[in-house]
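Convention: sequence-line order gives letters A, B, ...; per-chain numbering from 1.
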2 protein chains.
Amino acid sequence: MTNSEAAAQSLSIGEVAERTGLSVHALRFYEREGLLVAPVQRTSGGRRRYTPFDVEWLLVCVKLRESGMPLADLKHFAELVRHGPGNEAERLHLLDTHRQRVDAQIQALEECRSVITWKVAVYTEHLARGAAEGLWAPTT
Amino acid sequence: MTNSEAAAQSLSIGEVAERTGLSVHALRFYEREGLLVAPVQRTSGGRRRYTPFDVEWLLVCVKLRESGMPLADLKHFAELVRHGPGNEAERLHLLDTHRQRVDAQIQALEECRSVITWKVAVYTEHLARGAAEGLWAPTT
DNA sequence: GCTTGATCTGGACCTCGCTCTAGATCGTAG
DNA sequence: CTACGATCTAGAGCGAGGTCCAGATCAAGC
């Protein structure tokens with residue numbers, strides 16, 4: 001890949017914000033916090049140019065954040081990747097631990113869901129009966 | 001129910017903390033924030049006594065919080081209940097809206113889960129092959 | 001050359017949801 | 001009566017995760 005091809009593929013911070021759903025503020029913040037694998041390239045004028053690699057990494061970050069991974073863990077993961085090959089076992093462990101948390105979270109949410117569904121049914125029935133009995137009781 | 005029966009069923013803040021998983025600090029905080037349906041009863045000495053009703057309400061609160069309902073919404077819900085019968089439709093709406101958010105959240109988490117599973121598989125394979133290729137690439 | 005909009009930096013500030021502190025009081029066991 | 005642990009109030013503090021601001025610079029179009 002030539003320099004110009006690379007330049008053509010690279011994106012400004014605004015474009016990356018659009019593609020990742022992160023704000024430009026958040027992108028700069030993530031960078032400061034060391035969440036990126038490599039320092040972002042700059043134009044001669046000092047503007048950031050993100051490579052497709054950067055964007056893909058950020059998309060993974062977004063998914064991990066969405067699922068509740070703390071920034072500190074994300075930073076640790078980035079450090080491992082930055083450090084290069086040889087620590088795949090640790091990366092694996094990090095991800096697998098997180099997957100377990102996600103599983104637990106899904107389960108918890110499904111429980112919440114059924115509690116809510118139950119409550120919704122209660123109110124729906126109440127309304128159907130013309131709200132004849134006004135008293136709210138937690139279990140009914 | 002006599003007074004003494006009610007008193008026997010009522011719990012101290014510490015007992016409620018145990019049963020709900022909230023800290024005593026959080027319990028007092030929730031009360032200050034108006035998240036309870038009714039003001040908590042007090043002993044002659046000024047200590048809080050929670051009724052079974054209070055505890056059940058708090059357990060619902062915990063479930064709703066766990067599933068990401070903001071305190072502001074919880075407060076609103078409490079206000080509706082406090083205000084008594086006649087607003088069941090609004091309560092229903094509040095809960096149903098939240099359920100939709102929970103559903104979306106579950107779906108998002110499942111997506112995250114599959115992304116993570118994929119990544120885990122990549123690293124596992126990598127390790128199985130003796131980490132022959134060290135290059136990390138976001139998609140592989 | 002000039003305007004306009006995007007981006008730059010460093011640091012202050014914000015919201016949320018608690019958590020903790022200090023200093024006083026209650027209440028129960030010895 | 002004395003200890004001692006639980007609880008009380010008001011209010012300060014905290015950690016996470018950004019968000020926003022000021023003032024300057026860059027880059028593209030007219």
Side-chain angles (χ1 to χ4, degrees), chain A residues 4 7-8 10-36 39-51 54-55 58 60-78 98 101 105 108 112, chain B residues 4 7-8 10-36 39-51 54-55 58 60-78 98 101 105 108 112:
Chain A
S4 61
S10 77
L11 299 175
S12 72
I13 195 168
E15 289 165 330
V16 174
E18 257 180 48
R19 278 164 182 71
T20 60
L22 297 164
S23 70
V24 296
H25 299 293
L27 283 168
R28 291 194 277 246
F29 171 71
Y30 278 21
E31 187 179 344
R32 273 209 299 285
E33 293 298 297
L35 267 50
L36 299 185
V40 179
Q41 300 301 308
R42 303 294 184 120
T43 65
S44 54
R47 270 79 211 278
R48 291 173 179 81
R49 297 310 301 187
Y50 292 82
T51 65
D54 292 328
V55 176
L58 283 167
V60 171
C61 286
V62 166
K63 279 290 170 206
L64 292 173
R65 282 290 303 127
E66 256 177 36
S67 52
M69 182 181 281
L71 292 188
D73 289 15
L74 221 38
K75 179 173 180 173
H76 184 196
F77 190 26
H98 183 61
R101 284 199 303 256
Q105 217 180 323
C112 297
Chain B
S4 62
S10 78
L11 299 175
S12 72
I13 195 169
E15 290 164 328
V16 174
E18 257 180 46
R19 278 163 182 71
T20 59
L22 296 164
S23 71
V24 296
H25 299 293
L27 284 168
R28 290 194 277 248
F29 170 71
Y30 277 23
E31 189 179 344
R32 271 208 300 286
E33 293 296 298
L35 268 50
L36 299 186
V40 180
Q41 298 301 308
R42 302 295 184 116
T43 66
S44 54
R47 268 80 211 279
R48 290 173 178 83
R49 298 307 304 184
Y50 291 83
T51 64
D54 291 329
V55 176
L58 282 166
V60 171
C61 285
V62 165
K63 279 292 170 204
L64 291 173
R65 281 290 304 126
E66 258 178 35
S67 52
M69 184 182 281
L71 292 188
D73 289 15
L74 221 36
K75 180 174 179 172
H76 184 195
F77 191 26
H98 184 60
R101 283 198 302 254
Q105 218 179 322
C112 296

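- Counting to the nearest Å, the P atom of C/dT7 and the CD atom of A/Gln41 are 17 Å from each other.
- Contact check, B/Arg28 against D/dT9: no side-chain N or O comes under 4.0 Å of OP1 or OP2.
- Between A/Glu18 atom CD and C/dA6 atom C1' there is a gap of 12 Å when expressed in whole angstrom units.
- Taking only side-chain nitrogens and oxygens, B/Thr43 comes nearer than 4.0 Å to OP1 or OP2 of C/dG27.
- Within the 4.0 Å cut-off from OP1 or OP2 of D/dT9, at least one side-chain nitrogen or oxygen of B/Arg48 is found.
- Close to C/dT25, at under 4.0 Å from its OP1 or OP2, lies no side-chain N or O of B/Arg42.
- Here the closest heavy-atom approach between residue A/Pro70 and residue A/Arg101 is recorded as CD-NH2, 4.2 Å.
- Surrounding CD of A/Gln41 are at most 12 heavy atoms belonging to other residues, nucleotides or ligands under 6.0 Å away.
- B/Tyr30 OH to B/Glu33 CD: the interatomic distance, rounded to the nearest 0.5 Å, is 10.0 Å.
- The base of D/dT25 sits within donor-acceptor range of the side chain of A/Arg47, with an N or O pair under 3.5 Å.
- Each of A/Ser44 and B/Ser12 lies near DNA chain D, and the nucleotide nearest B/Ser12 is the one positioned closer to the 5' end.
- Screening residues 13-31 of chain A for salt bridge (charged side-chain N to carboxylate O under 4.0 Å, His left out) gives A/Glu31-A/Arg42, A/Glu31-A/Arg48 as the qualifying pairs, with residues at least two apart or on separate chains.
- Here the side chains of B/Ser67 and B/His98 are in contact, with some heavy-atom distance below 4.5 Å.
- Heavy atoms only, all atoms of each residue included: A/Leu27 and A/Ile13 are closest at CD1-O, 3.5 Å.
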Which atom pairs link the protein and nucleotides 17-20 of chain D when you take only N or O atoms and keep those under 3.5 Å?
unit_1: D/dG17; atom_1: OP1; unit_2: A/Arg65; atom_2: NH1; d: 3.4
unit_1: D/dG17; atom_1: OP2; unit_2: A/Leu71; atom_2: N; d: 3.3
unit_1: D/dG18; atom_1: OP2; unit_2: A/Tyr30; atom_2: OH; d: 2.9
unit_1: D/dG18; atom_1: OP2; unit_2: A/Arg65; atom_2: NE; d: 3.0
unit_1: D/dG18; atom_1: OP2; unit_2: A/Arg65; atom_2: NH2; d: 3.3
unit_1: D/dT19; atom_1: OP2; unit_2: A/Ser23; atom_2: OG; d: 2.9

